[in-house]
Structures are given as structure tokens and as C-alpha cells.
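Heads up, the thing below is written out as C-alpha cells.
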Amino acid sequence: MNLVSFKWIIQWAIIGLLVIGHSEAAFRHSFRTSAQDGFAKRNRQLATEQKYNPNYKGQFQLDTSSITFSDGVVSGILKKQIPEKVDLLFPFTVSFLQDGSTRFQLDEKRRLEGDVDYDDAKVRMDRFDVAQYHDLGSRINVDTERPEVKIHNKKLLKVDYGNDQRFSMILHFQPFMIEFLRDDTVEIVLNQRQLLNMEHYRPRAERTREDESLGMWEEKFDNILDSKPRGPESLGLDISFIGYKHVYGIPEHTSSLSLKETNNSETGYTDPYRLYNVDIFEYEVDSPMSQYGAIPFMQAHKVNSDVGIFWSNAAATWIDIEKDSSSTSTHWYSESGKLDVFIYLGPTALDLYEAYSGLTGRTQLPPLFSIGYHQCRWNYFSEEDVQNVDNTFNEVDMPYDAIWLDIDYTSGRRYFTWDEATFPHPQETLKKLDSNGRKMVVILDPHIKNDPNYFVSKELLENGFTVKDSSGVENYNAECWPGDSVWVDFFNMEGQEWWGSLYSYDKFKGSDKNLFIWNDMNEPSVFKGPETSMHRDAIHHGGWEHRDIHNLYGHECINSTYRGMVKRDNGVLRPFILTRSFFAGTNALAASWIGDTLGTWEHFRGSLATVLTNGVAGMPFSGADVAGFFGNPDPELFVRWYELGIFYPFFRAHAHIDTKRREPWLYGEPYTSMIRNLLGIRYRLLPTWYTTFHTTHMTGLPILRPQFLAHPADEIGFDIDNQFYLGDSGLLIKPILEPSIDKTAVYIADDETYYDFYDFNEINGKGHHVVPAPLGKIPILLRGGNILVTRERIRRASELTINDPFTLYIAVSSKTGSATGDLYMDDGTSFDYTKGAYISRKITFKDGVLDVLDTHPHPQSGIRYAESMKHLKVERIILIGVNQQKIKIRKHGISGVSSWDVKVDTDGVIKKPDLYLV
Ligand SMILES: *[C@@H]1O[C@H](CO)[C@@H](O)[C@H](O)[C@H]1NC(C)=O
Ligand SMILES: *[C@@H]1O[C@H](CO)[C@@H](O)[C@H](O)[C@H]1NC(C)=O
């Protein structure tokens, strides 16, 4: 949700009078363009100069005598060429890591050594190091064995590294440039355009008049002053992907999946893509403007090849993208921090995701319930309201897993309290929900009402765990939902512990085991703050400026909540947390949604590429509010949004307080039945969803797979972002994103047979195929060669299905006549799976034989859990594309193989195959 501050209301009123409905300009100018962000302007100027000035030279010269290689690390020193300045030294390293990636780091010597003077400012001297702060150290292991110097002469240094020394790095001395090769082909180049930049330390006394226009020593935006106590300190680098026309990632934007060129009149993007977490009101669709989360990870893809980079920086960052006929050149610049880039050479997407997520964190295996349907609204106003909604779900026979409370359940927006008039008995409400296996999720934000009589505020202030203003001493005070507020400083580890402890049952009175958490507004959102966020010169624990850590604030908030929730349940149960803000690695802790969408077709369409991009870049448990946060969608849009919603990894209905009520039955028939069917599809497919989440948890692969990942050799698919596959299930989904149509063309990239999910009609052949899509029926195809595992009984909530039998849909390949599928399951709630308590099966079908294999890597460790699941059976097998009267089933267990024949009915169905999975 978002603020509508006084200023906005005035602005809107004026604009409303002038051009009704044309709102873009009004809100756009609440956020900086790159020209209004001094450091961005300076770095972009460098790019322009490089383009037009034939005498342009990079700023740095390598001291060739400084180059050394030892224990997997190349070190050297760059000198900055500035007239009348000597000894501007910038040590750098290139480290070769055990996961096959490479890391390039650069810093200024003076700042490393603390040899600087920032007058009386309460800021520290060194540059912020994300990897160190983020505690990634234990995951960064230098490879001291394999890397080997192959050439070292006057011009270059060449090191071969990685498996079989398949990768090489060539460091060119003059001009300074680093190439990364795979099998002797250049894939990625750093500093090809000589845009490497790191603004050196300068004492304030040296400022010149010229500096003013470039925003070096102080800068105003929206009439708010940024005092810049350390002066200019930005850093930048150009990174080229050779032979790659498509790059993906760097969420969060509502742009296309394949990223567009910036500073380009054809794409309409005049600004670079921006990474600066903001609470953005009714954001623009198809724009490089920042949104709520930031992940500086980019992937480049060409036929059967994937490479990528991670720009490890949490300050405001902009990324320009330029393409020529065969390659993509990107230019990254950040306001402060160290220069730290990880380079990944694939060659497959799986290699890339495994290495990248191995560094920043694998996606959490969430509790099963959180993959079900969530019902939210700002606000369910009372216990009666909650009861009524809950009861009506039962009456209309629709499943759901969690009901959500937005800010108004609290006593005056004091988080960790309940409004005594409207929620006098939260625990009774929770018990009632629990009797149907349902949960409640409540909002708790990191801004705290400044009120000495409120226990959270009191403890926060007494302990001094607040963010401080630019004085470094006074509390940072501003407006947010509760009015006058202060902010928790998650960069203080004790503050993190304290925030985490608030979730314990004795602190958060009225909470219980089926209560889970939503942390919103954690960009952080600050009403009337610059760009509705925190002042960049606010000070965090340890002397960090807010500018250094901005994009990491939400992540640290979530980590603190996560650890608090783990502790609440004694380390036994998996937490569920929803966050709006995120950074690289937040996927290990929480789900996210894409914020304040409008209930319009445009925003609906925009949500898909955003969710796909979040997935590709490592935030896969993501979704958009169904059916848009603002506004009152008509029945057609409402139903279409549920159609896509059942395929968002995070599936939640939510709506603004000013919208009409829109629980899924309120539009009446025929829409209610349509939505009931759609919810049914989500719940029937839960075993497949859960298996997919587990694959993501283990590998880093996204949950929703865009065309370019599912068919890495098919170039036509590289910029398709209006259809996608669900994990490895073989399900291909083509949502309807336009009004007034009842069919659509789905793109098939291969010669496989695809089967219509509803009637098993066959679709054959590469190319576009028209499929029916009447309202209420989202086109879903099942690719031949896949076995789909479902549970066909719809119950009130996902947890109630845990003992239900399975159905197998076996869709054979028209090429090989075979099919395979996977099933992962565990208790859906606890961490016991980390000790082996799960079931893992591979199911294959070939030549009339169905094999069920135990794929648990340590079957004995899971035996107790497996024993408790002995009753789990397959109640039906549906053969698609097979014409046989009987098949053989073979079960391979620890105790050997058993096999038997079963009869196939004329409709291809095997009833009661007598197959138990354990
Ligand atoms: C952006 O485009 C304009 C016009 O083509 C050009 O003059 C300018 O140098 C470009 N800026 C950058 C940063 O590439
Ligand atoms: C969360 O914080 C703990 C303690 O600082 C740290 O060890 C862990 O790596 C963090 N997790 C993530 C995902 O940032």
C-alpha cells in the first residue's frame, strides 16, 4: 500500500482539474531521473565523452609492475590520471572461486587505510562492502588449485581456471581491460569502453564552483537537501556481453523480460534502468523506473549459452544498456560502496543459477500453506468480518489458506498490538481458522509510532536501536502510517535481535502458531521523505550512511523477522514472511509481491513480465495483487486476473481500502463458478507446485520458466514474455492479457506433441497454434513426455490434503513414446526435511511399463517419515497419447522391486492401480 500525502492530494487535485486521467507526470516527478541524480549524471557524461571524444582515454593506468598472482588471486594497482595529482592509487583483485565464478574488486587505497578526513561528520571512512555485511564470506571460496597463469608478458596476463581450465581471464594492461573466455571464446569484457570510474577522496575545502552543477558536495531534490558528508564517491564500470543480444534480470521494473536499450528513442527509455528501492505510487508500465526491490544480477542468453554478473552494491544504482547487431554493452554506476563484481560463465542456465544462488542464497522451501490461495484486503475490519469471510469460503465451496490483516487491525497503527474494539479475541479467531487448517497473516512495518506509552516505541528508544538523522545523534523522525515515527536500525545486530524477539508469543500478545508475518513499507517508505524514502544522509549503526545500504534495508529487516520467527517456534517450524522490498538473497527468507498495481489491463499485463523477471533474477516466490490493488476491475478483468493469478508463485487477492469489496464470489454467477474452477486448478496442482519449489530451493532455477529457459536454442522465444512453463512439469501456460478475446495463439518451440490440459486435444508442430480461451479458461498445455502429479480432491485448505491420494497424468512424447515426472513431498511445515524427512520419487513410463523409483539420496534418513506416509496411494492414472489395454507397474524400493499388471479402461484411465508411493 502507499501513502497519499497531503502534497499529493493537492497535486492530484490540480492535475485532475487540468487533464483528467493523465496522471503520469504528476507522480513521475516525485522520483529522480538520472539527470537529477548527480552521480548518475557524472557517470553518464563519461559515457557520452567516450562516444564523441576521439581522444577519450580511461581514467586509470595500470602499474604493470604491481601485477602478482598467488593462491588463486591476481592483484594489482591502478593509478588515476589526474593533472597535478599523484599517488591516487586503487588496488584491485581478480579472484577465481571454487564455484567457477570470478570476482573483480576495486577500492581506493586511502579509504581502505582510513587516511581521510570528513571534518566532523559521523560517517566512517571506508566504503561499504555488501558481501562482508551480508555475511556471504563463508560462501566465497577462492580456488587455489585449478587457476594457472598461462601467459604473462608486457601486454597481458592470461589465467586459465574452472573445470578442466575451460575458462580463461585475460587482463590487458594498456588500456586496462579484462576479458573472460569460455572455450577460447570471449563472453564478457569489463572496461571495454574504459568507463571504469571510482571518484577519489577529496577534502571538502577543494570543492570548486563547477562541482555544484554536478551535485558533488550537496544536492537538493524536491527541495530536500542531501548534505553528502563524504562528497563525491561514485563508482562505475562498463560490462559487455559479447555475442549476446538478450539480457535479463535486474528487477524490479515493470518492463519487458528481455531488457530494452536505454537512452534510445525507439524503446522510449531515455533513462537507464534504476535500482533504488522506493514506494512508488501507481507506477508506470513499461518503464525502467525503480520499484520496491533491487537485485543487481544480470543474465545474458544466446543459443545454448548463459552467462551473468552480480554487481554487489546496495547503493542507488543505474544501468544503461546498449545493443549492436550482435552484442550488448551495459554500463553500471552506483553512488557509493566498493566496486565488487562476480562474473559467471555458465555455460548453462542451471550452472549460472546454481553458482549465483550458491553465493546469495537459495530460495526458501516455504511452508505448504503459503503456496495456496491468500485472501487479503485493506482491511478486514473486525473479527466478525474475518469470521464472515471465512465462513463464506466454506459456503461457496472455495479453498483458501490464509486471511490477511492490513494496518487497521492494530491499535492506532502500533504494530504488535490489536485494536481492542475490533479484534478483542485474536487467539479465538486464530483457533477457529486453525480448525479448518487455515492461517492468518498480519502486517507489521519497520516504522514505529513515536509514542512513549507504546511498549515497542519505548524499548526501541531506550535501547537506541533507531536510525539516526544526519547529525548521527538524533533519532531520524518522520511521518509514516502511524504519524510521527522512528525507524528500526537493522544495521545494528542488537537491534535486529530485539526486533526478532518481538515476534515471540509472550511479546506479541494474541499471536499463535498459525499467525504469519507481512513486512511492508520496508524500502523504507517515509512520507514526505526524498522520493518517499529515507534521507540518504541519515546514519545507521557503525557510521554507515543510508546511501550506502539503502537497497539492503528491507533485506536486513526481513532477515531479522525471519530469525525471530524461527526462534518463536523453537527452530522447528518454517516461517512465512511477505516482504515488499528485497535485495539479492531475500528469496532465502521471504516471498514478495510487486506492490501497488492498478486494476487495469495495462497493469495486469505488466505484472507477468515483472514476475518472470523477478524469478529469473532470484526472487521467484513472487506475485501481483489479484485483481489489482487500486480500482474496481470489471468482471472480465477480474476473472482473467484470477486465471493468471493461479500461476503466480505467490497467489494473493488484495485491494485498496477505497475499492468495493471483491471476495471471489461477489461478482456473482457465472463468475463465481469460474473462479471456483480456477482455484481448483491451483489446488489440484499443489503437489506439482511443491515439487517445483523444491527444485528451485535446491538449484536456484526459477519457478516460472520463460520460453528462453525452456527452449534455450530457440531464438524466436528469447523475447517472448507472455507465456511460460511451470518448473519442469511440462505445463505451458498462455494467459489471456487482453479484453474481448476468446482464443489466443500459443507459441510451440519444438516438434513435441502438446496436449490441451482440459480435453487432451493434441497440438503438433513448431509455430503458433490457436487455442480456445473462453472467459474462465486459461489456456494450459501439457507437453508430451511429462508425468503430472495432482491431488484431485479440493479441501478447505492445502494442509488438509496431505493424506489424500494422487492422480498421475501420463502424457507421452510422440517422439519417444515415453514420459517422466518427479514428486517431492514432506510434512509441509517443519525443518525436518533438512534431516532427510521427505519422499522423493521419479516416475517414468516407457513401452507400457510404469516405473516408480526412489530418488531420495539417503533413503534411510527419511525412513521414519516415509513409514508414516505408507497410506499414500495413487488412486488414478490417466494415460494421454497411449493406446494400450494394460500396462505394467514396477515399484523400486529399498527392499527390492515389485511389479504387477493393471487394466486400462477404454477412456485411457486406470482406476485403482493399487500403487502406493512409499
Ligand atoms: C544518449 O543519446 C544522446 C543522443 O543520441 C547522445 O548524445 C548521448 O551521448 C547519449 N548518452 C549516453 C550516456 O550514451
Ligand atoms: C541473516 O543474518 C544472519 C546473522 O547475521 C546471517 O548469518 C545470515 O547469513 C543472514 N541471512 C541472509 C539470507 O542474509
Side-chain angles (χ1 to χ4, degrees), residues 33-35 37 39-54 56 129-140 193-195 197 236-238 240 260-274 288 295 312 314 318-324 328-333 356-365 489-501 519 522 541-542 549 551-567 571 574-575 577 579 581-592 618-619 621 697 700:
T33 61
S34 60
D37 210 357
F39 83 90
K41 196 157 96 177
R42 301 194 296 274
N43 281 275
R44 247 192 165 190
Q45 266 183 10
L46 212 59
T48 298
E49 211 192 311
Q50 182 265 337
K51 222 173 256 167
Y52 297 109
N53 178 355
Y56 176 85
D129 181 338
V130 170
Q132 192 179 6
Y133 200 87
H134 207 359
D135 209 13
L136 302 182
S138 61
R139 306 192 192 144
I140 300 174
R193 288 158 59 196
Q194 296 295 304
L195 300 180
N197 185 25
L237 179 66
D238 62 279
S240 302
K260 296 186 181 181
E261 283 189 79
T262 56
N263 192 34
N264 182 308
S265 55
E266 269 171 49
T267 62
Y269 286 15
T270 50
D271 254 350
Y273 282 92
R274 187 181 190 208
I295 303 184
S312 181
W318 299 83
I319 303 138
D320 264 309
I321 298 178
E322 272 186 56
K323 301 185 185 189
D324 63 25
T328 301
S329 173
T330 61
H331 181 202
W332 299 64
Y333 32 101
Y356 167 69
S357 65
L359 174 72
T360 55
R362 296 260 158 83
T363 297
Q364 171 198 24
L365 181 62
D489 186 2
F490 299 104
F491 289 79
N492 182 335
M493 287 322 282
E494 283 178 60
Q496 278 211 16
E497 292 295 326
W498 166 78
W499 172 260
S501 74
N519 287 153
N522 51 354
H541 185 76
I549 57 85
N551 287 339
L552 200 55
Y553 182 86
H555 176 88
E556 293 298 325
C557 161
I558 295 303
N559 193 353
S560 163
T561 299
Y562 180 89
R563 284 181 295 122
M565 287 294 285
V566 169
K567 218 178 230 171
R574 291 176 238 170
I577 302 160
T579 179
S581 177
F582 56 82
F583 186 69
T586 310
N587 53 312
L589 312 167
S592 70
M619 198 65 204
F621 193 8
H697 170 63

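All ligand and atom numbering here is 1-based and tracks the order in the structure. Numbering of residues begins at 1 and proceeds along the displayed sequence.
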Query raised in the report: Mind checking whether Tyr56 and Tyr52 have ring centres under 6.0 Å apart?
Result: no
Query - Any donor-acceptor N or O pair under 3.5 Å, side chains Asp320, Tyr333 - result: yes
Query raised in the report: Under 4.0 Å from any heavy atom of His134, which atoms of ligand 2 are there?
Result: 14 (O)
Query raised in the report: Can you tell me if Arg193 and Ser240 form a side-chain donor-acceptor pair at under 3.5 Å?
Result: no
**Report entry** Numbering as shown, the atoms of ligand 1 that approach Thr48 to under 4.0 Å (heavy-atom distance)
**Finding:** 8 (C), 9 (O), 11 (N), 12 (C), 13 (C)
Report task. Report, in ascending order of atom number, the atoms of ligand 1 lying under 4.0 Å from any heavy atom of Lys51. Result -> 12 (C), 14 (O)
Query raised in the report: What about Arg44: any of its N or O atoms under 3.5 Å from an N or O on ligand 1?
Result: no
Query raised in the report: Judging by distance only, is a nitrogen or oxygen of Arg139 under 3.5 angstrom from one on ligand 2?
Result: no
Query raised in the report: Short list, please: which atoms of ligand 2 are under 4.0 Å from a heavy atom of Asp135?
Result: 6 (C), 7 (O), 9 (O)
Query raised in the report: For Asp320 and ligand 1, does the shortest N/O to N/O distance drop below 3.5 Å?
Result: no
Query raised in the report: Which residue owns the protein heavy atom closest to atom 14 (O) of ligand 2, what's the atom, and how far is it?
Result: His555 NE2, 2.8 Å
Query raised in the report: Relative to the heavy atoms of Ala47, which atoms of ligand 1 are at a distance of less than 4.0 Å?
Result: 13 (C)
Report task. State whether a side-chain donor-acceptor pair under 3.5 Å links Trp499 with Ser501. Result -> no
Query raised in the report: Relative to ligand 2, is Met493 under 4.0 angstrom through side chain, backbone, both or neither, heavy atoms considered?
Result: side chain
Requested in this report: Check whether the side chains of Thr33 and Asp271 place a donor and an acceptor atom closer than 3.5 Å, and report yes or no.
Outcome: no
Query raised in the report: For the residue pair Phe491 and Tyr133, is the inter-centroid distance of their aromatic rings smaller than 6.0 Å?
Result: yes
Query raised in the report: Do the ring planes of His555 and His134 sit parallel (below 30°), tilted (30 to 60°) or perpendicular (above 60°)?
Result: perpendicular
Query - Asn559 N/O under 3.5 Å from ligand 2 N/O - result: yes
Requested in this report: If you have a sec, work out which protein heavy atom is nearest atom 4 (C) of ligand 1 and how many Å separate them, to one decimal?
Outcome: Tyr52 OH, 4.5 Å
**Report entry** His331, portion touching ligand 1 at heavy-atom distance under 4.0 Å
**Finding:** neither
Query raised in the report: With a cut-off of 6.0 Å (strictly less than), are more than 12 heavy atoms of other residues, nucleotides or ligands near NZ of Lys567?
Result: no
Query - Side-chain H-bond candidate by donor/acceptor type, Gln496 with Glu556, under 3.5 Å - result: yes
**Report entry** For atom 3 (C) of ligand 1, the protein heavy atom that lies nearest, with its residue and separation
**Finding:** Asn263 ND2, 3.8 Å
